[in-house]
Amino acid sequence: MQEDDDLQPRPPVVTVMGHVDHGKTRLLDTIRKSNVIAREAGGITQRIGAYQVTVNLEGKPRKITFLDTPGHEAFTAMRARGAELTDVAILVVAADDGVMPQTVEAINHAQAAHVPIVVAVNKIDVEGANPDKVRGQLTEYGLVAEDYGGDTMFVDISAKQGTNVDKLLEAVLLTADAELDPKANPNMDARGATIEARLDKGRGAVATVLVQQGTLHVGDSIVAGTSYGRVRAMLDENGNHLQDAAPSTPVQVLGLTSVPTAGDLFLVTSDDRSARQIAEKRAATERAAQLAKRRKVVSLESLKEQFAKSEVDMLNIVIKGDSSGSVEALEDSLMKIEVSEEVGIQVIHRGVGAITQNDVNLATVDKAVIIGFNVRPNRQVADLADREGVEVKYYSVIYKAIEDIEAALKGMLKPEFEEVVTSHSEIREIFRSSKFGNIAGVMVQDGEVKRGTKCRILRDGVATVNDLEISSLRRFKDDVQSVSEGYEAGINLGSFNDIELGDVIETFEMRQIDRK
């Protein structure tokens, strides 16, 4: 057990949240004075990054660690994890736009994780900006500004012009000190969480980790999820080499044997052997869980459900991406797509790194589509996919992938038909023929009767027989293809003879309808 005396103040960890396009990336950009937007596809942040900045508060230099959680709604899964690692959340709301769906989503995540919120009312320099309206709207969600008698700090800023950004950082430190007093013991074995991980061509598995307790040193043996290794090198967000990382410090770690998953907890072990044993035990547990999930146990109760499921068409998908965060976010958002109960999505494999021959082989066997997110196959693999007829789709922005998959699912839906009534004809006379059976002499009341169409008999408004067909249609002595409203005709219903005077023959056809 650690004593209170061992605990020392640590920088607060801050997540910037809010609606897409409300200026989160611009705010972080202003804070760090380095351009992130230029590297983003379509201006949308694609993965969690972590950065540390120094602020002067009452003459003392203080550090703040920022987790940059992506802003598009597709990243709900990652954003929730960002909130769990977080001490304080900055909620960015545009003064000209007000509270939007993702603003509410961000508030819910922060409140569920019991994280205090500092509101940054951005774009106060834009025409139509109304910071008071934002304050009013947020009171509905329990965020009451101090000047309204509440305890949430609101700061009006312009991320573009840098207005009041220093005040926002001071507000973050004051909120952290007042509500949390963040402390950690730096003199123990390090533990923390993986924020992001990816496979780098030259450096192997690179994991961005946030140290939460203890101090991480170069040379430490660590295990993160099912990955393990020795810390070969540590880099800060600017690419500078570090020898050790204190609590609340985000660092890139090199030296892991495989790519951990974003959100995996890491810990330092006494030696490499222990790290490997822990990782292998975790991997075996994970494998057993996956096998159990795949094995279908059919009981009498679930037989009916199994039969129902056999009618469902599944779109199998293999996801490969440049980092575990984006793979997980993509999988999470694809699984939320709901088109119809008749079609579904199954992710049969996911992984980090280039598309390989194994991926193509798996896709061939399971008739799957491969989705490459910021990754591509080499020439041989691309040729193999071409030969095997495996479709490989490439994306750099998640919502494009979601749109395409949704369209594909709609295309898998079986066509839907609706019945359209085409005519009503009242039987006025019945002619009996030894050769043809009964022939109905009718008056066409509405629509157009066509030979060969389906029909039913209505007797006193009730359908007595449904699946009949107009086998012959005559006007006087001539065979005709169709008879229009207001004309008389002779109708023969094949071998069906149970007709009476006053019966109505209703014709109908099945037409395909467009699915919305």
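In what follows, residues are counted from 1 in the order of the sequence shown.
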Are side-chain heavy atoms of Phe373 and Ile319 found at a separation under 4.5 Å? no
Spatial distance of atom NZ (Lys367) from atom CG (Leu362) [nearest 0.5 Å]: 12.5 Å
Is a side-chain donor or acceptor of Asn122 paired with a backbone partner of Ala159 at a separation under 3.5 angstrom? yes
All heavy atoms of Arg456 vs all of Glu419, minimum pair found to be NH2-OE1, 2.9 Å
Using every non-hydrogen atom in the two residues, find where Gly18 and Ala106 come nearest and quote the distance to one decimal. N-CB, 3.9 Å
Tell me whether Asp404 is salt-bridged to Lys400, with the criterion being a basic N under 4.0 Å from an acidic carboxylate O. no
Electrostatic pair Asp322:Arg198 at N-O distance under 4.0 angstrom: no
Glu196 side chain to Gly325 main-chain N or O, any donor-acceptor pair under 3.5 Å? yes
Looking only at heavy atoms, which two atoms of Leu199 and Gly353 are closest? And how far apart? CD2-CA, 4.2 Å
Interatomic spacing from NZ in Lys160 to CD1 in Ile124 - rounded to 0.5 Å: 13.5 Å
I'd like to know if the side chain of Asn492 and the backbone of Ser472 have a donor-acceptor N/O pair within less than 3.5 Å. no
Is there side-chain contact between Asp132 and Arg135, with heavy atoms separated by less than 4.5 Å? yes
Would you say Arg451's side chain and Val480's backbone share a donor-acceptor pair under 3.5 angstrom? yes
Scan the side chains in residues 376-391 for donor-acceptor partners under 3.5 Å anywhere in the protein, sequence neighbours excluded, and list what turns up.
residue : atom : partner : partner atom : Å
Asn378  : OD1  : Gln380  : N            : 3.2
Asn378  : OD1  : Val381  : N            : 2.9

Rounded distance [0.5 Å steps], CG in Asn466 versus NZ in Lys454: 11.0 Å
Check for a donor-acceptor pair, side chain of Ser433 on one end and backbone N or O of Phe436 on the other, with a separation under 3.5 Å. yes
Would you say the side chains of Ser227 and Ser258 form a donor-acceptor pair under 3.5 Å? yes
What is the distance from atom CG of Leu315 to atom CD of Glu406, rounded to the nearest 0.5 Å? 12.0 Å
Among Ile505, Val442, Thr422, Thr507, whose side chain to side chain contact (heavy atoms under 4.5 Å, CB included) with Val449 holds? Thr507
Salt bridge present between Lys123 and Asp97 (N-O < 4.0 angstrom): no
Hey, mind stepping through Glu280 and Arg282 against salt bridge (charged side-chain N to carboxylate O under 4.0 Å, His left out) and telling me if it holds? CA-CA 5 Å; Glu280 283 172 355; Arg282 284 178 178 175; over 6 Å; no
Check: Thr194/Asp264 side-chain N/O donor and acceptor closer than 3.5 Å: no
From Ser471 OG over to Ile491 CD1, what is the distance, rounded to the nearest 0.5 angstrom? 10.0 Å
Can you find a heavy atom in the side chain of Val118 that is under 4.5 Å from one in the side chain of Thr152? no
Within the side chain of Lys320, is there an N or O that forms a donor-acceptor pair under 3.5 Å with the backbone of Ala354? yes
Could you check whether any side-chain heavy atom of Asn130 comes within less than 4.5 Å of a side-chain heavy atom of Asp96, counting everything from C-beta outward? no
Shortest non-hydrogen pair, Lys393 vs Val369, comes out as CG-CG1, 4.1 Å
Do Leu138 and Val99 make a side-chain contact, defined as non-hydrogen atoms from C-beta onward lying under 4.5 Å apart? yes
Working to the nearest 0.5 Å, report the span between CE of Met443 and CD of Gln445. 9.0 Å
Keeping the roles fixed (side chain from Asp446, backbone from His424), state whether a donor-acceptor pair exists under 3.5 Å. yes
Just by modelled atom types, is the Ala368 backbone N or O under 3.5 Å from a matching donor or acceptor in the Asn316 side chain? no
Can a donor-acceptor pair be found, under 3.5 Å and without considering hydrogens, that links the side chain of Arg511 to the backbone of Glu418? no
Note: Leu210 and Phe266 closest approach over all heavy atoms is O-CE2, 3.7 Å
Could you tell me whether the side chain of Ile157 reaches within less than 4.5 Å of the side chain of Leu27, counting heavy atoms only? yes
List the atom of Val144, the atom of Gly149, and the distance in Å for their closest heavy-atom pair. CG1-C, 4.5 Å
Do Asn374 and Tyr394 pair up side chain to side chain, a donor and an acceptor below 3.5 Å, judged on atom types alone? no
Please check this pair: side chain of Asp359 against backbone of Thr356, looking for a donor-acceptor N/O pair closer than 3.5 Å. yes
